[in-house]
Amino acid sequence: MSVAALNKVEMTPKDYKSEVPPVWCPGCGHFGILNGLYRALSELGVDPDNLVITSGIGCSSRTPYFVDSYKMHTLHGRAGAVATGTQLANPDLAVMTVGGDGDGFSIGGGHMPHMARKNINMTYILFDNGIYGLTKGQYSPTSRPELKAYTTPYGGPEEPMNPLLYMLTYKATYVAQAFAGKPRICAELIKQGIAHKGFSFINIYSQCPTFNLIDTIQYYRDLVYEVPEDHDPSNRGAAIELARRKETGPTAGKVPMGLIYQKEAPTLCDKMQEFVDNVGGTPDYDLNKIIDLSRP
Amino acid sequence: MSVAALNKVEMTPKDYKSEVPPVWCPGCGHFGILNGLYRALSELGVDPDNLVITSGIGCSSRTPYFVDSYKMHTLHGRAGAVATGTQLANPDLAVMTVGGDGDGFSIGGGHMPHMARKNINMTYILFDNGIYGLTKGQYSPTSRPELKAYTTPYGGPEEPMNPLLYMLTYKATYVAQAFAGKPRICAELIKQGIAHKGFSFINIYSQCPTFNLIDTIQYYRDLVYEVPEDHDPSNRGAAIELARRKETGPTAGKVPMGLIYQKEAPTLCDKMQEFVDNVGGTPDYDLNKIIDLSRP
Amino acid sequence: MARNDLIIRVAGEGGEGIVSSGDFIAAACARVGLEVYTFKTFPAEIKGGYCLYQIRTSSEQVYNQGDTFDVFCAFNGEAFELNKHLMTPGTAVVYDYPGGDFEPDLPEGVIGYPIPMSQTAKDLKSYRSKNMVALGALSVLFNIEEETLIRVLTDKFARKGDKILNLNLEAFAKGKELGAAHEKTDPYRVADPQGAKDVIIIDGNSAVGLGAIIGGLDFFSAYPITPATEVAKYVAKHLPKRGGTLIQAEDEIASIAQVLGASYAGKKAMTATSGPGLALMSEMLGMFTMSETPGLVVDVQRGGPSTGLPTKHEQSDLFLAIMGAHGDSPRIVLSVEDVKDCVDMTVEGLNIAEEYQCPVIILSDGSLAFSTQTFPTPDPSSFEIVNRKRWDGEGEYKRYEMTDDLISPMADPGTKGGLHVSTGLEHGETGAPKYTPENHELQAKKRFDKIKPIVDRYRPVEIQGEGDADVGIITWGSTIGVVREAVQRLRAEGLKVKGFYPKLMWPMPVEQYEAFAATCGKILVPEVNYQGQLSHFIRSETNIKSSIPYTICGGLPFTPAMIVERTKEILS
Amino acid sequence: MARNDLIIRVAGEGGEGIVSSGDFIAAACARVGLEVYTFKTFPAEIKGGYCLYQIRTSSEQVYNQGDTFDVFCAFNGEAFELNKHLMTPGTAVVYDYPGGDFEPDLPEGVIGYPIPMSQTAKDLKSYRSKNMVALGALSVLFNIEEETLIRVLTDKFARKGDKILNLNLEAFAKGKELGAAHEKTDPYRVADPQGAKDVIIIDGNSAVGLGAIIGGLDFFSAYPITPATEVAKYVAKHLPKRGGTLIQAEDEIASIAQVLGASYAGKKAMTATSGPGLALMSEMLGMFTMSETPGLVVDVQRGGPSTGLPTKHEQSDLFLAIMGAHGDSPRIVLSVEDVKDCVDMTVEGLNIAEEYQCPVIILSDGSLAFSTQTFPTPDPSSFEIVNRKRWDGEGEYKRYEMTDDLISPMADPGTKGGLHVSTGLEHGETGAPKYTPENHELQAKKRFDKIKPIVDRYRPVEIQGEGDADVGIITWGSTIGVVREAVQRLRAEGLKVKGFYPKLMWPMPVEQYEAFAATCGKILVPEVNYQGQLSHFIRSETNIKSSIPYTICGGLPFTPAMIVERTKEILS
Ligand SMILES: Cc1ncc(C[n+]2csc(CCOP(=O)(O)OP(=O)(O)O)c2C)c(N)n1
Ligand SMILES: Cc1ncc(C[n+]2csc(CCOP(=O)(O)OP(=O)(O)O)c2C)c(N)n1
Ligand code: SF4
Ligand code: SF4
Ligand SMILES: [Mg+2]
Ligand SMILES: [Mg+2]
């Protein structure tokens, strides 16, 4: 995220709350993530005037309404692409996208690789509840086959995806995972993600007690384990290893919580600036010089 | 691919040629892949009457016209999704998709993960020339930053993707890589891919001498090395290791050619059939039994 | 017009059991042989928010949700306030008091029946059975056949175990008691039981699913979207019984692409979506047109533009359905009037797609999606099922052969000798690309001309009323049901009014519009969208000069009274 | 009508240097002060296939590609055969003989100049300079200023090194010699040099790019598609000079989404595509409408439907541009007449998007995309540049405030106190979701009414010819240039014919259409699509009764002669 927007204000987490009260069900994990987000923004002193949060459609995609900032509530699956435009057009802004597993990995799945490998300087928080919440409970790409839902009354026929491995493969330069039941860890990882220069991705497990009756808060609590102390997040190979679900050993069937991978790399903006510099680009470049190239 | 279509006919590679002569530039790598495909079909005795090849848009996507089979020349990026429908609707057909790097990984990139993790019983051959050929030379997701093209006159600003790692991450059950300059290897890997039950993906490097002037045939020749004898393709971890581009060691900067990964797993069709069986499904199930459920 | 029907509206906060209590009343009425037409609105938010369920029931057929309610049941203060302006002297209002969150200020002449719903549920230690208390009171106050209602409840709760069942029955009994304690001073009562009829009661979305299954569907590709999701829900459950496949795709583009692929494989395939999804399908629908592949999309319209009003009613995708493609790209567009029509037209949509080898779009809408209605139990064997013209295996196969009826025989993959390419490029008879001017003109003409005969299939368009009229009303979709009743009322008053109810929206049966208009002084075109989308096509396609658009776009359907009033204005 | 213009057509196999030889001729003519209008067609296949380049040049302004060629240069037998039917007695034909792949059978009266192009190139061991041989011959035979042509070649080849330059010049000289050896018996010659003029020569796609840069573009998101790709190519090269950014997105949906995001950031943003891409953008364009965000899409139309005829000319996306959205979703649609217009209207498109905070679509087409034309060098300082109405920082900020002109001030992110949400949901003034019936009606009206004043900006629509007319011709896009010449010719014959040339396609300046039609006996509407898409809107929006569609859809533009002929038919 743009450093220009950091350490700009002193605001408590509460100060980032907008007037709109969250419209989520009682017990929804999204509350925990939202609280983590408030705290992270506060700790970093992010200036709301220079913060743009985009979202798609879904329960999670309602999040921007609850945060005091500039924000766009866009279309299902397109929030990341929209944020890409915002970030490139004005690199001084702090840009963030929030949304669900369906939004990001199903309909939006075609945009993810490109934000990551272009290293767009933004933060993507994915609220992963293994279900389509807003449309009242259908299978998502992270649903477990056990889940019976609207379109899968007889169970799910497909392998759930692995968000961490996806984003590592896509070459995201910051990859972390948290769980909504641990808002402090959420806050910490979101904070580091925001502070990271480049594309940062944080997958956050979040229970949907209304429609996903198998991935309960307790299920997630048991699912996650803290990233081992000796994990070197600058080691891509180790990160990939960590991200793959183990079949045996002490972490069999479990998933890591914490910072998985981080790497400094030029952002797309950096490279664009290079091109501009190379051609001596400036807003008042003489247009006639361009026009003259078309003389016969 | 559907075993029902295998070993059905005795046809030479030439017999699979349609009347339409390829419209490619002289020296285009796509010729080599096409020859590999003819040979693979011949060696497996695939019945053209039961073979459906779909493609999107691109030079490579013209391939179906040159093969005697049923075929659909669909839209840019959508060939895999179309093939998914064909395969699920009639599991007895042998279904294959061919297309380019732009087609498959740029505009079609949102469909790839789902074909793979659903383990659709089909073969996907990706003609990877690191360029948009048909639209006369633009950057693609596999282009190297060095490439200057239409939309990147000052060079490319982004990290190229890694097709093998993508498809492994997506849980494709057959992943291989070849090079158009080695039609026999192409043939062999395509053949194994077709014979594989489940989603098989073969990435084939293919030079575009017209628009990609840096990824020459010689460049690719130097780029690939044969998968080591001791590689165990049933080991996913080893496959991922192999797929990652090395920065040091004897294979630094090179990419493997050969079978990277293969695993037997139930296809989506298998699972659908299970659901059908569980509810006692049959084409002449009494509709009145369904209607009666809506009586007040 | 004589009314033996009754309209009960139940409203409150989402999650309070509004929907289930409404469903119970509807089911009980249907079981005793009454006709039922229900109407619901939900908030776009997942939890909480204002929720409304209205049941209209009568011994005679009901065509719409009605003008306004006779009986109102308020679960909370918000619901009361939001509906207060609709209460007139004589309206009966059942409300949660004491112990609810409000003390209503009943308008003059409104008859109130306070029932401590929340309190009673609390006393029973069963907060979730507040709605059962309400139901008990409603039952006794408004003649909802008690025994039947109890059977409905029993059928429903039995699955959940005796404990829950008994708790609910207890709450129901308590509500009945509380209701009976009031002296009834309003005249409203549900019509008396008729003989049980051979009917089903089902919502519009499920009805589309049922139609699909009756119509011989093999493959459905779903992507969830409000208010269309329940089509897939129904199909997912029942299609495997026929051996068919439903897949949830990664997005709407994949859905329609899969439909293309499945249809090419020789199978009947469809998807259902709403406006945003249909917009995403625009490109691929052109591929159906160009490659002459059968395919069906049901668009359950909602309030637009963009994300709009996702849970609200609107008829505003007509432009997109007819014209939402690049190039000259003909499609067939149908609409549905009511829930029964959802069954019939979905069968029809599959048939037509097969017959004309083209994309077919059916426009349903947000109010039908969730409306449950009674209608005679469909007899699956009574439906005509059309299959595509298939190649007879004679001679050399040409996919796009020029035939007399312009329909080229198809060869499913697997057919010996039928090898061919299906393509989105302009092509000649074999399917090979062909870009000559003559060929493009010829093929374009083929694509348009081949679907023209569809107009005959829908001849005559249904007309309500005979002879000359001072006002003719042309409308479409679920507004037809509203207009039907309005025309009945107007004619009952001796006014010369007629109705014209097309189901085939495109290509337009121009001649029939014109013939109808020729018998009418003025033409009124009510529809629920801002621009008057059907009016637009009436202007562009027919010689009808003076049609008067009547558009509303507040997220709600018309009422018969609105049509009656507007018509009278025009008449005067 | 007096013609001092000449039309040379060069045709052959793709890859033989047809395009560069055409470009050289065009540049040479432009350098000596002649007006130039070129026209090209390519095959949809990448290599080989029939390729055509036509140069029309005159000392006076040329508006279109002309009726047919005076001079034809055949690089191969296929080219000759395909053009044979267009040759009339007197046509001059230069062709590759002996040593080419054919021996032409010249039609009666056609004047042939055999030039052994292939053989000469072979003799020079420089196969790729076949086109230079042709060029040399054409130069001497048809008065293409040799010195200038050599300077053009030198400028072009200098970059490639002396060796290549000399080889090409040698081939050119050889061709000249071969040409000079013929006795010239035809009358055709390029007009004599005029004084050098202050002009540029540029193709339509680059002109869109130039307009974008003049118009103050900050951000361009590209996805390649024929025939629009070169817009991005031009912008990619020059936008960084102004510090702006071009990104190649993963698909068209990402492109238009990025444009939305960039525009929200307060920057001027656009993309360019063709029909299939515009179809994919349908959903997101609705978001621009609902969120009231400025955004520009240039659609360089091609032959449809579906993949269609990707390299061919058609004007068939008008329906999609105007109506390709779900819900009631207003947009502004503009069209361009010629290459100069591509510059002007792109500036205009950016301006209008800013002014009305809505999506703007500009329709260009396949024939303009690649047509190079001369026009006066634009003066960047002469263009009016409009920026969006921005919030003044006073009081409480409401993104969707109801103002007198219905344009709500915008607050770019970064503005103190301007925090707000931009949303695709229906909303009230602050942007918070609001689904009440009254609000939806109000906001829908706002979205439609706010763009109405655009019609005044385009008042009056240009009319060619004055007084009453027997036939008025209404047309759009690049067909305007064709009709201009036809009207000139018809009027020169004393016939009462007028032309009406709207650039604003939607909303339609109805009143002006009607006023024009009121002065005309009959109305003819030529356009290059099957359905008569503009005719449709004339029927739906105006009171014009008797407009006569004249549609062709063969992948080629109209010629003036076709319009003249059809008009005369109508007149008689
Ligand atoms: C183009 C389009 N298709 C479908 C929808 C319907 N839709 C809204 S939200 C949603 C899924 C939400 O799931 P997720 O992104 O996981 O968010 P959650 O509600 O679980 O937080 C869908 C399918 C839509 N709004 N737009
Ligand atoms: C929706 C859409 N967008 C863009 C295009 C234009 N287009 C055609 S082919 C192509 C890229 C081809 O590149 P690739 O898939 O790598 O195939 P190649 O030609 O290199 O074999 C593009 C962008 C299109 N046909 N449709
Ligand atoms: S439906 Fe699920 S995800 Fe949505 S608000 Fe309720 S609990 Fe949260
Ligand atoms: S442009 Fe490139 S990819 Fe296309 S046919 Fe020519 S060489 Fe092959
Ligand atoms: Mg979710
Ligand atoms: Mg390629």
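It should be emphasised that the depicted structure is a prediction, and the values quoted were computed from it without experimental measurement. We name chains A, B, ... by the order of the sequence lines, and we start the count at 1 in each one.
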Quiz item: Where on A/M272 is there a heavy atom nearer than 4.5 Å to chain B: the side chain, the backbone, both, or neither?
Solution: side chain

Exercise. Would you please go through residues 102-111 of chain B and name the residues with a non-hydrogen atom below 4.5 Å from one of chain A, in numerical order?
Key: B/F105, B/S106, B/G109, B/G110

Quiz item: Given that the side chain runs from C-beta out, which part of A/I240 has a heavy atom under 4.5 Å from chain B: side chain, backbone, both or neither?
Solution: side chain

Exercise. Anything in residues 120-154 of chain B with a heavy-atom distance to chain A below 4.5 Å? Please list those residues in order.
Key: B/P141, B/Y154

Self-check item: Most chain B-contacting option - heavy-atom pairs closer than 4.5 Å, from A/M112, A/M161, A/K118
Solution: A/K118

Quiz item: Minimum heavy-atom separation for A/F275 to B/G155, with atom names?
Solution: CZ-O, 3.3 Å

Self-check item: Non-hydrogen atoms of B/E159 and A/R117 that approach each other most closely
Solution: O-NH1, 2.7 Å

Practice problem: Please list, in residue-number order, every residue in residues 248-260 of chain B that has a heavy atom less than 4.5 Å from any heavy atom of chain A; write 'none' if there are none. | Solution: none

Quiz prompt | Residues from residues 170-177 of chain B approaching chain A under 4.5 Å (heavy atoms) | solution = B/Y170, B/K171

